[in-house]
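So you know, we letter chains A, B, ... as the sequences are listed, proteins then strands, and number each from 1.
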Amino acid sequence: MEEKKNLIIVESPAKAKTIEKILGKNYKVKSSFGHIRDLSKKKLGIDLEHGFKPQYVIPDEKKKVVSELRKAVKNAGHVLLASDEDREGEAIAWHLSEVLSLPDETTKRIVFHEITPTAIKQAITSPRTINLDLVNAQQARRILDRLVGFEISPILWKKVKPALSAGRVQSVAVRLIVEREREIHNFKLQSYYRISGEFYLTLNQKTYLLKADIPEKFPSRKAALEFLEFCKGKTFSVLNITKKPLKRTPPAPFTTSTLQQEASRRLKYSVSYTMSLAQRLYEAGYITYMRTDSVNLSSLALNASRKKIVELFGEKYAKTRHFKTRTKGAQEAHEAIRPTYPDRETIPGSKAEQRLYDLIWKRTIASQMEDARIEKTTVTIGTEGSDKYFIATGEVIKFEGFLKVYSDRNGAEKAEETFLPPLKTGIPLKYKTIMASEKFTQPPPRYNEAMLVRKLEELGIGRPSTYAPTITTIQQRGYVIKEDRPGESRNITLLTLNDKQDQITEKTNKETVGKEKAKLFPSDIGMLVNDFLLEHFTDILDYNFTATVEKQFDEIARGGVNWQQMIEKFYKDFHPRVEAAEKITHKRTGEKVLGKDPKTGEEVIVKIGRYGPVVQIGRAEGDKKPRYASLRKGQLIETITLEEALDLFKLPRTIGIFENKEMVAGIGRYGPYIRHDNKFYSIPAQTDDPLTITEERAIEIILAKREAEKKKLIKTFDEDPDLQILNGRWGPYIKYKKNNFRIPKKQDPENLTYEECMNLISEAQKKKNK
DNA sequence: CAGTGAGCGAGCTTCCGCTTGACTT
């Protein structure tokens, strides 16, 4: 009789494929595609009267998986449940055993943390049973999250706006963004001065320039000026030179969070883009699993990396290292994210996939390389009668070590060196210039997606599989908006003492401040919901809430606490707060009175209206209707001033007549514009303002646009009026029936024939359909 | 690329964590 194959069930199909390859013909390996059962999507799914008993259902999209697993179990000998070794994995194993009615005698639970032949074979020889305490910890986690989410969200629908949501993770993420915005807004800028000098020295008929700074801040223009006056005509000298060896250690291999941060910093990828690229790399077998909190590398990876490093750079560059996770709540069910085969430097695929792989490869290899050794030289420069010293530093790399593949600073491609001229103590120095430049203290930075992930991870909130979805959710709910801001110009004072006339000159420079790229800003709704939740659910919004309940889940997992009792205790405190929040009568609109309209004396009010944030002048009384104007992008109820609010009523405004038609200035969806004869002309925001733009300037803009339009049309064809060759923002292109097509660089657009154009179009369409 | 801002009521929305496709844009 034929021996039945044993069945191994893992979570991921890609993993199943790999393991099947490793184990060969005696094993069938199937995947559960994550959880197979969950609480109902629509209902609470928890029996509050009977010990919070969860009501699990198999979601429609999982029915096929389950029926296939049933079939596989029927044909199998032993069943080995090999889901991940963490709370969720244990629960998956338990749900599988329940749903598939697996008998104890033929069912085993096995775990491994890396997909290597040794690890898997070792796991098979040491099976255990399902750890029900760990499963219960997962159930408690699941139920707590469901209670929080499904009891608070409906309150928001009633008291704020439909379809909003709240949760243990997302609401704290929003809170971080809201509070940071307020910190930035309340930040009091302080001006101070930094003094730096350029000195020169002559050695063996060669002149060297040496730049040095005074580390202390000068509190005022007066203090800076006094110091410059003092320096007039003084000779400086090198007081001290110290050389100090420094070493730099490579960073640990990637986890989900650090991969997202580095891909954001170096490649400017959004968190979700990074994850979808990583998913493709994983499925193609190029990298290990991309949702992990572990920095651990398998011994197989350590060996292969070492071999590659020796081959590329030589023995002295290799150093095998074991990294330890310091992350709060890490469960370390997988390895770090690394190339499956560290000897593979490049992979086929899209440009973006290749760049992400390159980053992962470099980070992994670097983690197994020697420290970089750097010699840092510090030179102290001073003059008699002053206790302020200029400091110059130089850094020379003595041994590159890991910096050969992975520079650690600011995402720069290469590690940077700074050199100093050959100096000796006591050498006199003449100054060329001594400059005091005004600086401002800086508010804390706004979060971008990856910085937010890092903060969440630091607080132990969320898991590798949820970072990207959480960030998408808070944007989809409209709590947070990812956008760019142009920044504003501000004046800074520059005082320069020059050796030419030994005179101090003063100059005003401009610098841009507050420029932002892809940063997270809270919306009015985000702020309103945050304040509402903070008022009624202080505990859940607490940054330590997750850490606190995690400790209790750990207790359950250790078998010390009963999960129902834990939830019971939580709910006894939580549910009355839900009821209290439901009792408030008014809808929250965030209404705020800004002041009085100087023209009419009526109240100017901002609030969230039916279609979003709005300013309102006057209250509705009898027949009297208030006037309304929507807030603009970037304006917030919390920070808008009375003047800004009143400005919103000044547009659109008629600025004059041109060719017997009115010109109207306004601000629309795509920025400031002039409307004339039903055509729109955009006003360049950097140079003009629709509130103040003159008739003459408006005509200028209209004429300039007409001129550009004329130049835009390069060629038309008698054969087909739908076909045009046009001049666009990025050069000439073909337009055909609302679609645009590129013209190859080598072709001269003026001489293209009708046939050539049609060929280009059909080729482009063929490519697209592939 | 503009302006909406009354009110009622039915039916819908929602959490976090595990996994991928199957869709459209």
Participant: With respect to the phosphate group of dG17(B), does any side-chain polar atom (N or O) of Gln138(A) fall under 4.0 Å of OP1 or OP2?
Facilitator: no
Participant: Once you apply a heavy-atom cut-off of 4.0 Å, does Arg87(A) come out as touching a base, just sugar-phosphate, or nothing?
Facilitator: nothing
Participant: Which nucleotide sits closest to the side chain of Asp86(A): dC18(B), dT19(B), dG17(B)?
Facilitator: dC18(B)
Participant: What nucleic acid atoms does Ala14(A) come within less than 4.0 Å of, heavy atoms only: base, sugar-phosphate, or nothing?
Facilitator: nothing
Participant: Taking any heavy-atom pair under 4.0 Å as a contact, classify Gly612(A): base, sugar-phosphate, or nothing.
Facilitator: base
Participant: Using 30° and 60° as the class limits, which term best fits the ring planes of Phe570(A) and Phe545(A): parallel, tilted or perpendicular?
Facilitator: tilted
Participant: Looking at dG17(B), I'd like to know if its phosphate oxygens (OP1 or OP2) sit under 4.0 Å from a side-chain N or O belonging to Arg146(A).
Facilitator: no
Participant: Describe the nucleic acid contact of Gly89(A) in one word from base, sugar-phosphate, nothing, applying a heavy-atom distance below 4.0 Å.
Facilitator: nothing
Participant: Using a cut-off of less than 4.0 Å, is there contact between a side-chain N or O of Arg477(A) and OP1 or OP2 of dT14(B)?
Facilitator: yes
Participant: Looking across every strand, which nucleic acid part, if any, lies under 4.0 Å from Pro672(A) by heavy atom: base, sugar-phosphate, or nothing?
Facilitator: nothing
Participant: When you check the phosphate oxygens OP1 and OP2 of dA2(B), does a side-chain N or O of Arg632(A) lie under 4.0 Å from one of them?
Facilitator: no
Participant: Taking only the side-chain heavy atoms of Trp157(A) (C-beta and beyond), determine which of dC16(B), dT20(B), dT14(B) contains the nearest atom.
Facilitator: dT14(B)
Participant: Centroid distance below 5.5 Å plus an interplanar angle below 30 degrees: do Phe150(A) and dT14(B) meet both conditions?
Facilitator: yes
Participant: Give a yes or no on whether a salt bridge exists between Glu458(A) and Lys328(A), defined as a side-chain N under 4.0 angstrom from a carboxylate O.
Facilitator: no
Participant: Counting the atoms with a prime plus P, OP1 and OP2 as sugar-phosphate, which does Leu144(A) contact under 4.0 Å by heavy atoms, base, sugar-phosphate, or nothing?
Facilitator: nothing
Participant: Whole Å only: how far is the CZ atom of Phe649(A) from the C1' atom of dT4(B)?
Facilitator: 13 Å
Participant: Measure from the side chain of Gln170(A), starting at C-beta and using heavy atoms only, and say which of dT20(B), dC16(B), dG5(B) lies closest.
Facilitator: dC16(B)
Participant: So that I can tick it off, tell me whether Arg675(A) and Glu662(A) are bridged by a salt bridge, with the cut-off set at under 4.0 angstrom between side-chain N and carboxylate O.
Facilitator: no
Participant: With the side chain of Tyr282(A) defined as its heavy atoms from C-beta on, choose the nearest nucleotide among dT20(B), dT4(B), dC16(B).
Facilitator: dT20(B)
Participant: Please compare Arg291(A) and Ile152(A) by the position of their nearest nucleotide in DNA chain B and report the one closer to 5'.
Facilitator: Ile152(A)
Participant: Check the side chains of Gln170(A) and Ser165(A) for a donor-acceptor pair under 3.5 angstrom, ignoring hydrogens and angles.
Facilitator: yes
Participant: What is the separation between atom NZ on Lys62(A) and atom P on dA22(B), rounded to the nearest whole Å?
Facilitator: 14 Å
Participant: Taking any heavy-atom pair under 4.0 Å as a contact, classify Val169(A): base, sugar-phosphate, or nothing.
Facilitator: sugar-phosphate
Participant: Quick one: which of Val174(A), Ile481(A), Leu176(A) gives a side-chain contact (heavy atoms from CB on, under 4.5 Å) with Ile474(A)?
Facilitator: Val174(A)
Participant: Reckon Ser165(A) touches a base, only the sugar-phosphate, or nothing at all at heavy-atom distances under 4.0 Å?
Facilitator: sugar-phosphate
Participant: Any base atoms under 4.0 Å from Gln279(A), or only sugar-phosphate, or nothing? Heavy atoms, all strands.
Facilitator: sugar-phosphate
Participant: Using a 4.0 Å heavy-atom cut-off, does Tyr681(A) contact any base of the nucleic acid, only the sugar-phosphate backbone, or nothing at all?
Facilitator: nothing
Participant: Under 4.0 Å, heavy atoms only, any strand: does Thr473(A) hit a base, just the sugar-phosphate, or nothing?
Facilitator: sugar-phosphate
Participant: Just say parallel, tilted or perpendicular for the rings of His35(A) and His95(A), cut-offs at 30° and 60°.
Facilitator: perpendicular
Participant: Starting at atom CD1 of Ile92(A), determine the distance to atom P of dT20(B), rounded to an integer number of angstrom.
Facilitator: 11 Å
Participant: Is the shortest side-chain N/O distance from Tyr467(A) to OP1 or OP2 of dG17(B) below 4.0 Å?
Facilitator: no
Participant: Counting distance alone, no hydrogens or angles: does the base of dC16(B) have a donor or acceptor under 3.5 Å from a partner atom on the side chain of Arg463(A)?
Facilitator: no
Participant: What nucleic acid atoms does Lys625(A) come within less than 4.0 Å of, heavy atoms only: base, sugar-phosphate, or nothing?
Facilitator: nothing
Participant: Under 4.0 Å between a side-chain nitrogen and a carboxylate oxygen: does that hold for Lys607(A) and Asp524(A)?
Facilitator: no
Participant: Looking at Thr466(A), I'd like to know whether one of its side-chain N or O atoms comes within less than 4.0 Å of OP1 or OP2 on dG17(B).
Facilitator: yes
Participant: Figure out the CD/C1' separation between Glu283(A) and dT19(B), and round it to whole Å.
Facilitator: 10 Å
Participant: Got a salt bridge between Asp573(A) and Arg577(A), using NZ or NE/NH1/NH2 to carboxylate O under 4.0 Å?
Facilitator: yes
Participant: Using a 4.0 Å heavy-atom cut-off, does Gly167(A) contact any base of the nucleic acid, only the sugar-phosphate backbone, or nothing at all?
Facilitator: sugar-phosphate
Participant: Which nucleotide sits closest to the side chain of Asp145(A): dC15(B), dC16(B), dT19(B)?
Facilitator: dC16(B)
Participant: Please give, in whole Å, the distance from dC18(B) P to Leu39(A) CG?
Facilitator: 15 Å
Participant: Just the rounded figure in Å: distance from C1' of dT20(B) to CD1 of Ile36(A).
Facilitator: 16 Å
Participant: Looking only at N and O atoms, is any donor in the side chain of Ser630(A) or the base of dG5(B) less than 3.5 Å from an acceptor on the other one?
Facilitator: yes
Participant: Please report, rounded to the nearest Å, how far the C1' atom of dC15(B) is from the CZ atom of Phe570(A).
Facilitator: 12 Å
Participant: Of the candidate nucleotides dG21(B), dC16(B), dA6(B), which contains the atom at the shortest distance from the side chain of Tyr628(A)?
Facilitator: dA6(B)
Participant: Looking only at side-chain atoms of Arg142(A), point me to the closest of dG5(B), dG17(B), dC15(B).
Facilitator: dC15(B)
Participant: Stacking between dC1(B) and Tyr673(A), yes or no? Criterion: centroid separation under 5.5 angstrom, plane angle under 30 degrees.
Facilitator: no
Participant: Rounded to whole angstroms, how far apart are CD on Glu591(A) and P on dG5(B)?
Facilitator: 17 Å
Participant: Would a line drawn from the ring center of Tyr681(A) to the ring center of Tyr673(A) be shorter than 6.0 Å?
Facilitator: no
Participant: Looking only at side-chain atoms of Met290(A), point me to the closest of dT13(B), dT20(B), dT4(B).
Facilitator: dT20(B)
Participant: Can you tell which of dC1(B), dT13(B), dT19(B) lies closest to the side chain of Phe680(A)?
Facilitator: dC1(B)
Participant: Taking for each residue the nucleotide of DNA chain B with the nearest heavy atom, is it Ser31(A) or Gly609(A) whose nucleotide lies nearer the 5' end?
Facilitator: Gly609(A)
Participant: Does a nitrogen or oxygen in the side chain of Ser465(A) sit under 4.0 Å from OP1 or OP2 of dC18(B)?
Facilitator: yes
